[in-house]
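Reviewing the structure listed below.
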Protein chains: 4
Amino acid sequence: MNPKREKIFNAAVKKFSEKGTTGTTMKEISQEAGVGKGTLYRYFEDKEDLVSSLMSYGFERLTEVIKREIEGIESATDKIKKVVEVQLEFYKKHCDFCRFLTREFWGYKNKFEENIKEIRSDYTVVIEGIIEEGIEENEFKAKDPEVAAVSLIGMVNLTALHWFMFKGEVAVDKIREEVIDIFLSGMLN
Amino acid sequence: MNPKREKIFNAAVKKFSEKGTTGTTMKEISQEAGVGKGTLYRYFEDKEDLVSSLMSYGFERLTEVIKREIEGIESATDKIKKVVEVQLEFYKKHCDFCRFLTREFWGYKNKFEENIKEIRSDYTVVIEGIIEEGIEENEFKAKDPEVAAVSLIGMVNLTALHWFMFKGEVAVDKIREEVIDIFLSGMLN
Amino acid sequence: MNPKREKIFNAAVKKFSEKGTTGTTMKEISQEAGVGKGTLYRYFEDKEDLVSSLMSYGFERLTEVIKREIEGIESATDKIKKVVEVQLEFYKKHCDFCRFLTREFWGYKNKFEENIKEIRSDYTVVIEGIIEEGIEENEFKAKDPEVAAVSLIGMVNLTALHWFMFKGEVAVDKIREEVIDIFLSGMLN
Amino acid sequence: MNPKREKIFNAAVKKFSEKGTTGTTMKEISQEAGVGKGTLYRYFEDKEDLVSSLMSYGFERLTEVIKREIEGIESATDKIKKVVEVQLEFYKKHCDFCRFLTREFWGYKNKFEENIKEIRSDYTVVIEGIIEEGIEENEFKAKDPEVAAVSLIGMVNLTALHWFMFKGEVAVDKIREEVIDIFLSGMLN
DNA sequence: CATGAATGAGGCTTCATTCAT
DNA sequence: TATGAATGAAGCCTCATTCAT
C-alpha cells in the first residue's frame, strides 16, 4: 500500500479508537499522521470514506490472517482453536482496531454501507464454513451454523474488548482457553 | 419516572438508533418528543448526559428484568436458560436500544464514564453470579466465571444484533435454542 | 418585512457591492448586520439563497416603483421620460445595488436561476409594454419592442454604472436629459 | 502570442463563461488547456492576473477590430453603423467572452484595477471620438459625447447578452437594425 | 415552567499556490 | 521547462447551548 495512505490509516485508527470517529477531527488525524489536512483528501474522498476504508481494511486483514493460519489444518475442531487464537492475538495487537470495529460496525446508513456489509459477510462466512465442515464430518452438532458462527465471534469479540476496557489488556491465554472450552464442550459438567 | 422525561427518552432512543448519537440533533429529539428544544435541558444537563442516562436506564431495566425473572429458579442451568430468553426478548422488543447500547457503550472518555462502567458491571455481575453459583453447586465447570459471563453476553448480544441488522428481525426462538445448547453443551458431538 | 431580515439584506448589498458576492464572506455580512453568523441561516437557506433573494427583491422594488410612478401618465413618451428618471434616481440612491445587479445578474447556473429569470422578465416586460402601447397609439415607430426595451435598459443601466465607477457618482440630470433625447429623437441632427 | 499562453486563454474563457471566474478552479483550466497546473503559473502571476489579462486581451481585440473596420469610412453615421455591426458580430462570435466581460468587468478592488480601467477607457474613447467627430461635422447633435458613447455601448452590450441568455443566440441582424435606428433617429414617429 | 430565536465555536472541505522532481 | 503532490488558510455551514419572553 502507498506509504502515505498507510500513515494516514495508522493515525486514524489510533485517534478513532481514542475518541471515536465523530469525536476525531480531520485536523487531528492529519497532525497525528504528520501530513497536511488537504492531503487526507487526496487519499480518501471524505471522512466517511476514511472510516469505511479503515473498516474494510481491518476486516480484510483479519479474514486474511485467519484464512492463512487455518490452511493445512485438518479437523474443524483444530481450526476453531486456531481461529480463536488468531483473533485474540489480532485483537490484542490491534486493540485500537478492535474497539473501533466493534463500535463503528453497527453503523448507520452511509454511502459505503453495502460495501461494508459484504466485507463483514466475507469474514463471518469463513467461520461459518468451518462449522459447516465440522457438521458434515460429523464432528460438530450445530443446527444453525450461522448462529454458531456469530456466537463464536461475539464471544471472542466482546471478551477481548471487555478485557481491554476494564483490565487494560487482552489476556489472550486465559480467554482463549475458556472460550474454546465453552464453545466446544459447553458449560455442563 | 416523570412522564416528560420518559417521552424524551423514547424519542431519543428512536432517533439514536436510526442515526447514531452524534448524527442526531437535540432539535430532532425535541421534535420527536413533541417538546421545545429548551425543555430537554430541564431534564438533562446536556447531550452527553442524555446519552449516558439512556444507557444507564437501559442497563438497569435489563438487569432488573433478568433479576426478577430468575428469582425463584433453582438450578443455575435453568437460570442461564431464562437469562438467554429474557435477554433475547428484551433485545427483540427494544432492538433500537440494543443497537444503541452495542454501538455507544464502548464509549470514549466522557464525564459519565465511571458511572456507566459501574452500571454495566452490575449487569455483568448478575450473570457472573449465576455461573459462580453453578460452579459451587458442581453444575458448571468454568475456570473463569468472568470470561464465561462475558462470553454469554457476547453470544446473545451479537447474534441478536446480527439478526436485526442482516435479517431485519431478531429470531428469538432459533437463536435461543442454539445459543443455550452451545453454551451449556458445547459444539462437540 | 421582518426587521432582522432587512438588516441582513442591507448589510449584504453593501458588502456584495464592495467586494462581490464571492468575495464577501458570510461572517462579514453577519458582522455588518450586527447579528450572529448562525442567524443568517435562519433567514436564508444558504449564501446562494441570500444572493438571489436580494436580486429578486431589488428587481421587485424597482419594478414596483416604476409601475407606481407611471400610473396616471397618459402618453408613452411621458412614461418613458418618467421611467428613465425613476431608474436613474433608484440607481443613484442604491448604486451599491445597481452594481451588484449588473454584475450578478448574468449569473451562472444556480438553483434559483429560473426564479430570477422570471423576476427579471417582469421588469423588462413593463418597459416593453410602454413601448408597445406607444406603437399602438402611433407615437412610436419601433419594429421590435423587445430590442427597444432592452436597449433602453442597457443605456440607463450602463451609463449609471459607468458614472458611479469612473466619476464616483451618478449624474442623474445630465444622463437623464441625454438618454431621453437619444432614445426618443435619435442622434441625427 | 505564445501558443501555450493562447491555449490557456482559450481554456480559461470557456470555463469562466460556463462557471464564472470564482466558480472555475485553476485545475479545471489546466485540464481544459491540457497542461499541468503549475504551468499556468509560468504564464500568469496568479488567478487574478489570468482574469484581468483575459479581460484586457478581450477589450484590446474588440477595440482593435473596431478601429480597423472604421478606417477609411468617412461619415460618423456610417462609422456608428459599422461599430454596431462589428460589436454584435464580435459578441455573437465570442458570446462566452461577452458574458464574461459584462459580468466581471464591474470588478472590485484588485491589483490590476487601474490597468483594466485604462483598457476599458481606450475602448470607450474610440466610440466617443466618433461621436465628437460627428458633432464637429454637424452630423450629430449630442450634448455629452461620453453619455452618448456609453449609451450606445450599453444598448449593444445588453441586448446582445439578453438575446444570448434568453434566446440562446445573438440575433445580429434584427438587433443591429433596431439599435442603429433608435440610436440615430430615435423612437419618435 | 416552556419555548425557540439567537449565538458562535468548530467541523469538513476546497483550492490557489508552491516546490521537489 | 513542466508537472502534480502537498499544503493550510479560509469559507460555508451545523448545532449544542443559552436566555429573553
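Since we're looking at a predicted model, the values are computed, not measured. Below, chain A is the first sequence line, B the second, and so on; all start at residue 1. We use all heavy atoms of the structure for the numbers below, so side chains are in, but hydrogens, waters and symmetry mates are not.
Without hydrogens or angle criteria, C:Lys117 side chain to D:Phe166 main chain gives no donor-acceptor distance under 3.5 Å. Between the B:Ser53 side chain and the B:Asp49 main chain, a donor and an acceptor come within less than 3.5 Å of each other. Under the 3.5 Å distance criterion, the side-chain polar atoms of D:Arg103 are left unmatched by any main-chain donor or acceptor of D:Gly20.
Whole-Å rounding puts the C:Lys7 NZ to E:dA6 P distance at 9 Å. As a whole-Å value, the separation of A:Leu50 CG from E:dG11 C1' is 15 Å. Taking atom CZ of residue A:Arg5 and atom C1' of nucleotide F:dA6, one finds them 17 Å apart after rounding to whole Å. Atom C1' of nucleotide F:dT14 and atom NZ of B:Lys19 are separated by 12 Å, given to the nearest angstrom. In this structure, B:Glu28 places its CD atom 12 Å from C1' of F:dT14, rounding to the nearest Å. Summarising the geometry, the separation between NZ on D:Lys15 and P on E:dA16 is reported as 14 Å, rounded to the nearest angstrom. Protein atom CG of D:Leu40 is 10 Å distant from nucleotide atom P of E:dA16, rounded to whole Å. The separation between A:Gln31 atom CD and F:dG8 atom P is 10 Å, rounded to whole Å.
Looking at D:Leu50 and D:Ile29, their side chains come closer than 4.5 Å, going by heavy atoms from C-beta outward. With a 4.5 Å cut-off on side-chain heavy atoms, D:Met26 and D:Tyr41 count as touching.
At most 12 heavy atoms of other shown residues, nucleotides or ligands fall within 6.0 angstrom of atom CD in C:Glu118.
Each of B:Phe97, B:Tyr91, B:Tyr57 was compared with B:Leu62 under the side chain to side chain contact (heavy atoms under 4.5 Å, CB included) criterion, and only B:Tyr91 meets it.
Among the heavy atoms of the strands, none lies under 4.0 Å from A:Phe44.
When the side-chain nitrogen and oxygen atoms of C:Thr39 are compared with OP1 and OP2 of E:dT7, one or more of them lie within a distance under 4.0 Å. Listed pair A:Lys4 / F:dA5 fails the phosphate criterion, with no side-chain N or O lying under 4.0 Å from OP1 or OP2. Neither OP1 nor OP2 of E:dC1 sits under 4.0 Å from any side-chain N or O of B:Arg42.
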Quick one: what's the B/S/- string for nucleotides 16-21 of chain F, heavy-atom cutoff under 4.0 Å, read 5' to 3'?
SBB---
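Salt-bridge check for A:Glu32 with A:Lys15: passed, with a basic side-chain N closer than 4.0 Å to an acidic carboxylate O.
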Would you write the dot-bracket representation of DNA chain F, where each base gets (, ), [, ], | or . depending on whether it forms a Watson-Crick or G-U pair under 3.5 Å and with which partner?
.||||||||||||||||||||
